[in-house]
Amino acid sequence: MTGQPAFVVAIDGPAASGKGTLARKIAEHYGLAHLDTGALYRAVAFKVLENGANPEDLEAALAASAALDADLLQSEALRTDQVGKAASVVAAMPEVRAAILDYQRNFATNPPAGLRGAVLDGRDIGTVVCPDARVKFFITATVDARTDRRFKELADRGLPVTRDEVKQDLVARDRRDAERDISPLRQDAHAHLLDTTKLSIEAAFAAVRAIIDETL
Ligand code: DC
């Protein structure tokens, strides 16, 4: 240990804005650990559903968040729309957020495998989880652009949904994430705003790299 604080990059934004792809690319390029914090809420929701409980049931959600299984975070089973919807319900519970906060902060301050820092992506990373992050981004795109991306992703995986269903779902989830009382989705005052509606992944990545390089 050098005693240097970890280099933390915070990335927030709505669903299907491109933040997850950018977070992975940043982690790979700069040799940082990556935590998709949405997967934590998805893992809690998945466990609740697996136990046959209702995602609105606070006790069931709390029990699932206390027994968070790190191995589950990479599972494809978290990537369904049903789990995403249930995740936004459990994510509105302050008790669930508190249980998950320590896990996220610990990951940011003590990145695994001795890496020098971490990239965390989610909804409240720059505002609540890592307010002292070295670089913060708020990644966004229009609802239609995000619908097209999510629809393609689900269709490519053979999941039977219509574009209209995907759009309705995104709009409902945006509303729940942005209007909840605790840690709502919002841009931190120090976050760099990037609208990816008309950008390729490479162009978006070049834009974030230019900003990170300035702070290194
Ligand atoms: O990004 P995602 O679709 O995997 O996130 C799933 C849900 O988790 C989403 O509806 C909002 C919630 N979430 C959150 O409230 N805070 C985070 N830091 C990350 C995700």
Side-chain angles (χ1 to χ4, degrees), residues 8-24 27 34-49 55-56 58 61-62 64-65 68 70 72-108 118-131 133 136-141 143 145-147 149-154 157 159 161 165-188 191 196:
V8 176
V9 181
I11 307 189
D12 292 303
S17 57
K19 65 183 189 311
T21 304
L22 286 172
R24 276 190 297 278
H34 171 225
L35 181 64
D36 164 8
T37 64
L40 299 171
Y41 295 95
R42 284 173 182 264
V44 171
F46 177 81
K47 280 285 176 198
V48 170
L49 296 172
E56 309 270 356
L58 175 61
L62 256 185
S65 53
L68 203 62
L72 184 60
L73 299 180
Q74 312 298 331
S75 168
E76 270 291 301
L78 302 187
R79 300 287 135 205
T80 66
D81 246 24
Q82 188 202 13
V83 172
K85 211 180 288 176
S88 79
V89 174
V90 300
M93 298 169 173
E95 297 86 348
V96 169
R97 301 199 75 85
I100 287 180
L101 188 60
D102 282 350
Y103 184 100
Q104 297 172 88
R105 287 197 174 144
N106 187 46
F107 187 98
V119 188
L120 283 79
D121 74 272
R123 304 291 189 290
D124 61 340
I125 308 305
T127 50
V128 175
V129 178
C130 301
K136 299 179 185 181
F137 292 100
F138 192 84
I139 312 292
T140 189
V143 170
R146 293 188 288 119
T147 300
R149 289 173 195 165
R150 183 51 57 88
F151 179 57
K152 183 173 182 314
E153 195 185 305
L154 294 172
R157 296 208 333 260
L159 296 173
V161 281
E165 284 167 345
V166 172
K167 184 169 180 173
Q168 274 174 24
D169 215 63
L170 270 184
V171 170
R173 201 177 313 171
D174 282 357
R175 191 171 303 134
R176 252 197 314 267
D177 293 343
E179 292 180 0
R180 66 178 177 227
D181 292 336
I182 176 139
S183 297
L185 171 67
R186 67 177 177 78
Q187 184 183 347
D188 184 79
T196 65

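We number each residue from 1, following the sequence as shown. Counting convention: from 1, in listed order, for ligands and their atoms alike. Predicted model only: the values in this text are computed from it and were never measured.
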Undergrad: Kindly confirm or rule out an N or O of Y41 lying under 3.5 angstrom from an N or O of ligand 1.
TA: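 N/O-N/O distance below 3.5 Å does not exist for this pair.
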Undergrad: I'd like the name of whichever of T37, D121, D12 reaches closest to atom 19 (C) of ligand 1 through any heavy atom.
TA: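 The nearest heavy atom belongs to T37.
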Undergrad: Under a heavy-atom criterion of less than 4.0 Å, does K85 contact ligand 1?
TA: no
Undergrad: Answer with yes or no whether the side chains of R176 and S88 bring together a donor and an acceptor at under 3.5 Å.
TA: yes
Undergrad: Provide, to 0.1 Å, the distance between atom 20 (C) of ligand 1 and the closest protein heavy atom, together with that atom's residue and name.
TA: G38 CA, 3.5 Å
Undergrad: May I ask you to list the atoms of ligand 1 that are less than 4.0 angstrom from any heavy atom of A87?
TA: 6 (C), 7 (C)
Undergrad: Looking only at distances, can you tell me whether any N or O atom of D177, backbone or side chain, sits closer than 3.5 Å to an N or O atom of ligand 1?
TA: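 It does: an N or O of D177 is found under 3.5 Å from an N or O of ligand 1.
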Undergrad: Between R123 and ligand 1, which residue portion shows a heavy-atom distance shorter than 4.0 Å: side chain, backbone, both, or neither?
TA: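 Both backbone and side chain.
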Undergrad: Under a 4.0 Å threshold between the charged nitrogen and the carboxylate oxygen, would R146 count as salt-bridged to D174?
TA: yes
Undergrad: Need the ligand 1 atom indices (1-based, order shown) with element for anything under 4.0 Å from a heavy-atom of R173.
TA: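 So the answer, numbered in order with elements, is 3 (O), 10 (O).
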Undergrad: Does the side chain of R149 come under 3.5 Å of the side chain of T196 through a donor N or O and an acceptor N or O?
TA: yes
Undergrad: Using a 4.5 Å cut-off on heavy atoms from C-beta on, say whether the side chain of V44 contacts that of I100.
TA: yes
Undergrad: Can you tell which of E165, K167, R173 makes a side chain to side chain contact (heavy atoms under 4.5 Å, CB included) with D169?
TA: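 With D169 as partner, side chain to side chain contact (heavy atoms under 4.5 Å, CB included) holds for just one option, R173.
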Undergrad: Short N/O distance, under 3.5 Å, between D124 and ligand 1?
TA: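 Yes: some nitrogen or oxygen of D124 is under 3.5 Å from one in ligand 1.
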Undergrad: Please determine if R42 has a nitrogen or oxygen closer than 3.5 Å to a nitrogen or oxygen of ligand 1.
TA: yes
Undergrad: Considering only protein heavy atoms, which is closest to atom 16 (N) of ligand 1, and at what distance to one decimal place?
TA: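 Result for atom 16 (N) of ligand 1: R97 NH2, 3.0 Å.
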Undergrad: Just to be sure I read this right, does ligand 1 sit under 4.0 Å from the backbone of K19, its side chain, both, or neither, counting only heavy atoms?
TA: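 Answer for K19: side chain.
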Undergrad: Below 4.0 angstrom from a heavy atom of S88, which ligand 1 atoms are there? Numbered from 1 as shown, please.
TA: 10 (O)
Undergrad: Give yes or no for whether the N/O distance cutoff of 3.5 Å, strictly under, is met between Q104 and ligand 1.
TA: no
Undergrad: Scan D121, D12, T140 and name whichever one has a side chain to side chain contact (heavy atoms under 4.5 Å, CB included) with K19.
TA: D121
Undergrad: For ligand 1, which atoms sit closer than 4.0 Å to a heavy atom of A91?
TA: 12 (C), 15 (O)
Undergrad: Does R79 pair with D36 as a salt bridge, N-O distance under 4.0 Å?
TA: yes
Undergrad: Could you establish whether R176 and ligand 1 come within less than 4.0 Å of each other, counting only heavy atoms on the residue side?
TA: no
